[in-house]
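Quick caveat, the model's predicted, so the values are computed rather than measured.
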Amino acid sequence: ESFDLWKDYLTGRKALDVITQYQVKKTIIYVIAMTTTLLLTKNILVLLSIYYITRTISELYFFIRTHIDTSLHEPLDEKALSFAKHLSLVNIAASFLNIDRIILFHFWSPVELANYAFTIIIPSHVRDAIRGIINLALPKLAIRNIVDVQKQFKKRFLMMIGIGCLASLGCIMIIPFVFSSIFPQYRDVIYPSQIFSLTLIFAFPNAYLGNVFHAFRWVRGIYLSNV
């Protein structure tokens, strides 16, 4: 998680276009790695290993690249430095809020853990993919006047709810096909996974709010949106 600090640094500098480029590249790397692995094996331990290895290597790469990029090594102003510190605290707090995974690891069997992982895998990756697309608007949002953003806020927020509903419906429809054809041994998680897909309805409005808070450095809003 410490390698993820490059995002806080770049957000503090309002280098949102760079963040978007890096996030898109991360997603491409992940999709290629996981797709290739799925074509070669269905072993859950191998899949999890590739997931964490890919994540760690990609975060390390962008951490180092941010550090050595001389074009971003101009002196930080105090406001940007303070904002980056707050973002780091948010990330640390968010890691502690993932208590559910710790509890499951200690009290569930490997089979139950595998079921849980496959329950959330499709909705989670649909959420991450669409969030990446939503984040493409960050650079433009950051240079806009807050009054203009307020005028279009209701329209954009409702649009995000609509996107969330479509994404949720899409997941509900494709989940039975995916598990029946690719992971038949995990058919029992089809219904729970469809239920979990309903969280997408709220994920995208929350992502839009997060973009607004980050673009205008509203620290209190960022803390509240991550609770």
Side-chain angles (χ1 to χ4, degrees), residues 20 23-59 94-95 97-137 156-211 225-227:
T20 300
Q23 293 282 35
V24 170
K25 291 177 181 178
K26 272 179 55 181
T27 301
I28 293 173
I29 293 170
Y30 173 81
V31 169
I32 292 174
M34 293 305 295
T35 302
T36 302
T37 306
L38 282 170
L39 292 174
L40 297 175
T41 180
K42 300 296 189 296
N43 187 295
I44 184 63
L45 293 178
V46 175
L47 292 173
L48 289 174
S49 298
I50 294 298
Y51 169 78
Y52 286 111
I53 291 173
T54 303
R55 178 178 176 180
T56 302
I57 292 176
S58 61
E59 293 290 0
S95 66
L97 291 176
N98 289 329
I99 190 67
D100 60 324
R101 299 179 184 180
I102 300 175
I103 293 174
L104 293 178
F105 180 79
H106 282 284
F107 295 103
W108 279 15
S109 68
V111 173
E112 292 170 323
L113 286 172
N115 286 338
Y116 173 76
F118 276 93
T119 295
I120 68 173
I121 189 170
I122 294 178
S124 294
H125 285 94
V126 170
R127 177 198 62 203
D128 293 343
I130 298 183
R131 274 184 176 177
I133 297 173
I134 293 173
N135 287 340
L136 292 173
R156 299 295 185 188
F157 191 79
L158 292 175
M159 182 185 300
M160 292 301 107
I161 293 178
I163 293 174
C165 290
L166 291 175
S168 177
L169 179 61
C171 278
I172 290 172
M173 293 175 64
I174 68 171
I175 282 172
F177 170 77
V178 171
F179 281 101
S180 297
S181 58
I182 302 178
F183 305 112
Q185 65 272 39
Y186 292 103
R187 287 177 181 173
D188 291 343
V189 307
I190 289 178
Y191 181 68
S193 186
Q194 289 175 315
I195 295 298
F196 185 76
S197 297
L198 295 175
T199 61
L200 296 175
I201 296 173
F202 310 102
F204 302 121
N206 185 61
Y208 175 69
L209 284 175
N211 285 353
S225 65
N226 282 274
V227 172

Name each donor-acceptor pair under 3.5 Å that joins a side chain in residues 163-180 to protein atoms two or more places apart or in another chain, with its distance.
from   : atom 1 : to     : atom 2 : distance (Å)
Ser168 : OG     : Ser197 : O      : 3.1
Ser180 : OG     : Pro176 : O      : 2.7

Looking only at heavy atoms, what is the nearest atom pair of Ile201 and Pro205, with distance? O-CD, 3.2 Å

Spatial distance of atom [atom1] ([X]) from atom [atom2] ([Y]) [nearest 0.5 Å]:
{"X": "Lys26", "Y": "Asp128", "atom1": "NZ", "atom2": "CG", "result": "9.0 Å"}
{"X": "Tyr186", "Y": "Asn115", "atom1": "OH", "atom2": "CG", "result": "6.5 Å"}
{"X": "Thr199", "Y": "Asn206", "atom1": "OG1", "atom2": "CG", "result": "11.0 Å"}
{"X": "Thr119", "Y": "Ile190", "atom1": "OG1", "atom2": "CD1", "result": "10.5 Å"}
{"X": "Thr35", "Y": "Ile32", "atom1": "OG1", "atom2": "CD1", "result": "8.0 Å"}
{"X": "Leu209", "Y": "Phe204", "atom1": "CG", "atom2": "CZ", "result": "13.5 Å"}

Could you work out, with ring-ring contact (aromatic ring centres under 6.0 Å, His included) as the rule, every residue matching Phe196, not counting sequence neighbours?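 Listed in chain order: nothing, the list is empty.
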
Please list, chain by chain and in numerical order, all residues satisfying side chain to side chain donor-acceptor pair (under 3.5 Å) with Arg127, sequence neighbours excluded. none

Between Tyr208 and Phe157 (judged by ring centroids, cut-off 6.0 Å), do the two rings come close enough to count as a pair?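 Not close enough - the centres of the two rings lie 6.0 Å or further apart.
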
